[in-house]
Every structure is written in C-alpha cells, then in structure tokens.
Number of protein chains: 2
Amino acid sequence: VSIREISIIGLGVIGGSLGLALRRSERCECEVVGFARSADTRAEALRLGAVDRVCESLVDSVSSADMVVLATPVRTMEEIFRQISDRLKPGAIVTDVGSTKADVARWARRYLRDKNLFVGGHPMAGSAATGISGARADLFEATVFCVVRDEETPVEASQALEQLVGWIGATPLVMTAAQHDQYVAGVSHLPVIVASALVTAAATHDEWDRMSQLAAQGFREMTRMAAGSSEVRHSLCSTNQKAITEWIERFIAVLKDYREHILRDDEALLDLFRDARQARRNWIQNRYKRN
Amino acid sequence: VSIREISIIGLGVIGGSLGLALRRSERCECEVVGFARSADTRAEALRLGAVDRVCESLVDSVSSADMVVLATPVRTMEEIFRQISDRLKPGAIVTDVGSTKADVARWARRYLRDKNLFVGGHPMAGSAATGISGARADLFEATVFCVVRDEETPVEASQALEQLVGWIGATPLVMTAAQHDQYVAGVSHLPVIVASALVTAAATHDEWDRMSQLAAQGFREMTRMAAGSSEVRHSLCSTNQKAITEWIERFIAVLKDYREHILRDDEALLDLFRDARQARRNWIQNRYKRN
C-alpha cells in the first residue's frame, strides 16, 4: 500500500506524538495533515512540527488522505465516522488509537462506505501528560502497538497500519477486538479500578482521619492511578463493560483465595506470593528482551 | 525520663538508620550501643557511625541501657524478650519498631519483668533498601512514628519514646495496638496483597503470554509491591491475620459496588471515581502540610 498523505484527527498527546514521530521517521515520506477543533491547538501543532499542515475543517482534513487516524476520545469517534464517511478518498484506510476496540469497530462498520478498509489500532504507550504540549517524538519507541483486525479486514489495511507502526519505532501485535478488549481490561482497566477502589475502601472508613496519617509511599503508589480524569475512567468502563466486570469477578475470586490462605496461615500462601513475584519478574524480563 | 544509653538490637536498615539519626541529632546526648548477630554487620555499623559501640552478646548489649529498641524481624522478637528479660536495668524502657503491634505487646507482657515499661513503636518510613548498607540518617525525617500504648502503659514510657521520635525528626502519633494493626492493614498490608493478587489474576489467565505484551507502566506500578520478599509478606499476614482478612472483605465489598455501577453504567460510578480522586488529593495535601 502506498501512503502519501496521512491525516491525524485530534492533536492531543497521542495524535501530536504520532505526527512528531512520523515526521521524524526516515522511512516515512508522507505528508502529515492535522485537524483539531481548537485554533490554539492547531497553531501549537504547527509550531512544534507535529504536522506539515493543518485544516480548520474536519471533512477537508480527510479529503486527500490515503490513511486517516482518529486520535480523539473514544466517545467522539462515532460522530466523526458519520461525518467523514462520504468525504474519504476511495480506498483510504481508516484507523484509530482508542483504548477500547469493539465499539469503534462497530461504528466503523456502520458508517464507513469502504467499511473493510478499517483497521483498529491501540498504542500501548503511556503518558501522564495531556494535550499537544505533552507530545513527544519518541513516545512510541520500543512499545507495543495493537493492530486490531478480524477475518473481514483485508490484508492491505492491516499491512498499512503495521507499516505505520514500524515507522514510529513500535512493534505491531495483531489481534481481534474481543481479544484486545479482554487483555486491556486485565492489565490496564482493572488496575485503574483497583487503584480507585483502594482509596474508596480506606477513605470511607470511620477512622480514616487518623489512619490516613499512617499511609505512606506504598499507598501513594498503589492509588496514583486514581488521580486521573474521572470522566476518562467512566467512559472507559462504558466502552468495555463486559470484559471489565468479568475481570473484577476474576480478581475477587483471587482475593478470596488469598484471604482463605491467610486465615489458614498455610504454606500455600507463601506459594501465592512467590508465584506472583516470579511471574512479574518473568514478564519484566521478557518485555525488556522483546523491546 | 533521662535516657543516657540506648541499645539498638538489630542493625538492619531501620536499626542502622535509627542509630545514625540519634547520633546526628543535636538534642540527643545518649550513647548508642548496637547488637547484631553478624560480625560483618557490627563492623559496618561502627564504620558508618551508626553506633558508638557494639556488643558481641545480646544480653551484654542491654545490661546498662536506659532504653532498648528491638529492630529485628517481628518473628524473632518473642525469643529476644525471653533472653533479655532478666538482664535489663531496673526501670529500663523497652520498645520495638515491628510493623505489627498486637503480638509484640503480648510477648512483652509475657516475658518482661517490668512489663509496663514496654511501649510499642512503628516508624512509617519506607525504604526499598535492606541491611546496614541501606541505612540513612534522614530516613525518619518528616515521617509519622506510631507510639503504641494502652491504658496500663505508664506515661513515662510513652514520653520517652515520643522524645526519641522527636530527636530523629519524626512526628509521634499515639494509638492502641488494635488501632495500629487495623490502620496499617488498610493502608499498607492490603495494598501489598492487592499488588500480588493483580499479578496472580493476570498471570494465571490462559492468554497471559499474549496479554502480557500489552501490560505497560500502569500494570508495572500497580504490581511493584509484589516484588518484595515473599517471606516478609507471609509473616506479615501471620501476625496481622484478623485485621488483614477484614480489610480484604471490606475491599471486596467495594469492588462489588464498582462492578454494579459499571454494569448499570450510571452516574454514581462517576461519583465513585471523583470521590476517590478527591479523597486521595486531600490526603496528599494534608500529609505535606503536617510534615
């Protein structure tokens, strides 16, 4: 697939970093076009060099693109699909960087004419920063980038995204939307909910005022993710309800198991701690080897 | 209470840091005596200036002390109380820095002749380091130090420990052993178990091999505490069984509440996230103000 022009819709920390990474990449020769609702954001994206040019209109920004990347909050994507659908160049590949995939794929299927030229994407690159000012050219380097496809997705769409992923220094990992949503629910959404739930359990306790003076670094670290945007958390739960609630149930079953062994004060409790410690160690070693 | 000689039993990161802090303190004029089983540790403690002198024998190390601080693992303390009991100077105050308090108080009561001169202590200072080489003179600065007493504890014992806490730059917080154990179970032990349980839930999943490639910074942070010593975790659960299992139950109830609201996709879910976020923010602001 020959991609000469890429349009990035939404110039926040992810969209902006994507633009910076593409423009810096030696292998990418595309023109990068950007759209953001805010004029300030568009100006800042130009100033930082995150895009070659910006468009003031959403539909104009996609009209000559060979590939369109939606980098807006997931809840806005349905409306964007609806608006851009009949303004896309025939054969243009559409992708997104949303953090849940089943809903986005359904909207793509509903609104896009060339519905099969959609392929989902999700960069597993974390940033505490938000907005174009937090964009970094190396945000995706040595990270995993999910390429989310199903049986109907044509090979060229998936290949185009894998090519883009390579350009920005990430490693593509191909999977279905259902797999993706289940995986991220376990390793990303569940930890976020657990962080908030730890605060809720402690801070609603009668003696929290005194108790809180004993809370230290460990509590701070284990609840840091409760500090993020409540709206983002809420919308994430809405778009990945099933997988998240299944993981909460799975997690409760594991906690009950720990509780049983603590009550029995048995050797199996030591095994639980040891196995968890070893599994985490293996995971970290593998990640550093791969990336 | 006039304290002229303090004996520190156990020269690990806590005992060593306590010695360094006392010797550096301008208000403390005590001689600091140290005991450790290992000759290497004793030599290193002397070299680092954590003690004025060391003893090769446990019982000799307490014989002229006005205050004795047990800074060994909790599981060894019962035996230490037994051994030092009839070698203590009359009127000597005994304290400890163990991370659970009910068991230690019971052993003190059982073995010490002057059982009422015992007062429990627990510095809420975290260190990833272990051993004398990790000792730092400023470890306790601007931290909370629990002074654990009950109705039978005489005021002079509790005052002596509060004085020591002030010397090392920490803030004393007086409470009973039951309160202490309940508080630390909520803000310290529960988070540790949750960190391990998050790894267990994920790593025992059939598709962990693929899923683990999507795990990133958030998962790493939320499971970092699963990397600590499994034996320490196990012994911590043994010595604070009741409070920990009650907190696990409380936490499960909170998780079920989150799960219900995620299934209903309602506004109350947003409130849960918001309240947790705000409670954490208040906690952090108060801590920085106080300390």
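Letters A, B, ... mirror the listed sequences (proteins, then strands); counts begin at 1.
Between chain A and the options B:P191, B:A215, B:A276, B:A216, heavy-atom pairs under 4.5 Å are most frequent for B:A215. The residue among B:L190, B:L173, B:T223 with the most heavy atom pairs within less than 4.5 Å of chain A is B:T223. Counting heavy-atom pairs closer than 4.5 Å to chain B, the top residue among A:A227, A:S188, A:S229 is A:A227. For the options A:G228, A:S235, A:A253, heavy-atom pairs under 4.5 Å to chain B are most numerous at A:G228. The choice from A:K242, A:Q241, A:H261 that makes the most heavy-atom pairs within less than 4.5 Å of chain B is A:Q241. Options B:M225, B:E267, B:Q217 differ in how many heavy-atom pairs under 4.5 Å they form with chain A, and the most are formed by B:M225. Counting heavy-atom pairs under 4.5 Å between each of A:H205, A:Q182, A:M124, A:R281 and chain B puts A:H205 at the top. In terms of heavy-atom pairs under 4.5 angstrom with chain A, the leader among B:L198, B:L269, B:D271 is B:L198.
Using a distance-only test at 3.5 Å, with no hydrogens or angles considered, no donor-acceptor pair links the side chain of A:R277 to the main chain of B:A226.
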Assess whether salt bridge (Lys or Arg N to Asp or Glu O under 4.0 Å) is satisfied between B:E231 and A:R274, documenting all intermediate values. CA-CA 9 Å; B:E231 287 74 17; A:R274 278 191 187 139; 2.9 Å; yes
Begin with the C-alpha distance, continue with both residues' side-chain angles, and end with the deciding distance and a verdict on side chain to side chain contact (heavy atoms under 4.5 Å, CB included) for B:N286 and A:S212. CA-CA 9 Å; B:N286 283 330; A:S212 65; over 6 Å; no
Using the side chain to side chain contact (heavy atoms under 4.5 Å, CB included) rule, take B:F251 and A:T200 through it: C-alpha gap first, then chi angles, then the decisive distance, then the call. CA-CA 9 Å; B:F251 184 57; A:T200 305; over 6 Å; no
Go through A:R220 and B:R280 one step at a time and tell me if the side chain to side chain contact (heavy atoms under 4.5 Å, CB included) criterion holds. CA-CA 8 Å; A:R220 186 170 188 166; B:R280 184 178 185 273; 3.5 Å; yes
Checking B:R233 against A:L270 for the side chain to side chain contact (heavy atoms under 4.5 Å, CB included) test, could you report, in this order, the C-alpha distance in whole Å, the side-chain angles of both residues, the deciding distance, and whether it holds? CA-CA 8 Å; B:R233 271 138 189 67; A:L270 192 57; over 6 Å; no
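In this structure, CD on B:E207 lies 5.5 Å from CD on A:Q179, to the nearest 0.5 angstrom. Distance check, rounded to the nearest 0.5 Å: CG of A:L263 to OG1 of B:T245 gives 4.5 Å. Atom NE2 of A:H234 sits about 9.5 Å away from atom CG of B:L272, to the nearest 0.5 Å. Once rounded to the nearest 0.5 Å, the distance linking CZ of A:R250 with OG1 of B:T204 reads 4.0 Å.
Under the side chain to side chain donor-acceptor pair (under 3.5 Å) criterion, A:D103 pairs with A:R106, not counting sequence neighbours.
Between B:R259 and A:I244 there is no side-chain heavy-atom pair separated by less than 4.5 Å. Contact check for B:L214 versus A:M175: side-chain heavy atoms found under the 4.5 Å cut-off. A 4.5 Å side-chain heavy-atom check between A:V187 and B:W208 finds at least one atom pair inside the cut-off.
Residue contact with chain B, scored on non-hydrogen atoms closer than 4.5 Å, is absent for A:D275. The parts of A:K256 that come within reach of chain B are both its backbone and its side chain, each placing non-hydrogen atoms under 4.5 angstrom from that chain. Heavy atoms of A:C146 lying under 4.5 Å from chain B belong exclusively to its side chain. Within the 4.5 angstrom heavy-atom criterion, only backbone atoms of B:V174 (N, CA, C, O) approach chain A. Proximity to chain B is limited to the backbone of A:D266, based on heavy atoms less than 4.5 angstrom apart.
Residues in residues 172-193 of chain B take part in these ring pair (Phe, Tyr, Trp, His ring centres under 6.0 Å) pairs, two or more places apart or across chains: B:H122-B:H180.
Considering every non-hydrogen atom in both A:A201 and B:W247, the closest pair reads O-CZ3, 3.5 Å. A pairwise comparison of heavy atoms in A:V199 and B:A279 identifies CG1-CB, 3.9 Å as the closest pair. Between B:L255 and A:I248 the shortest heavy-atom distance is O-CG2, 3.9 Å.
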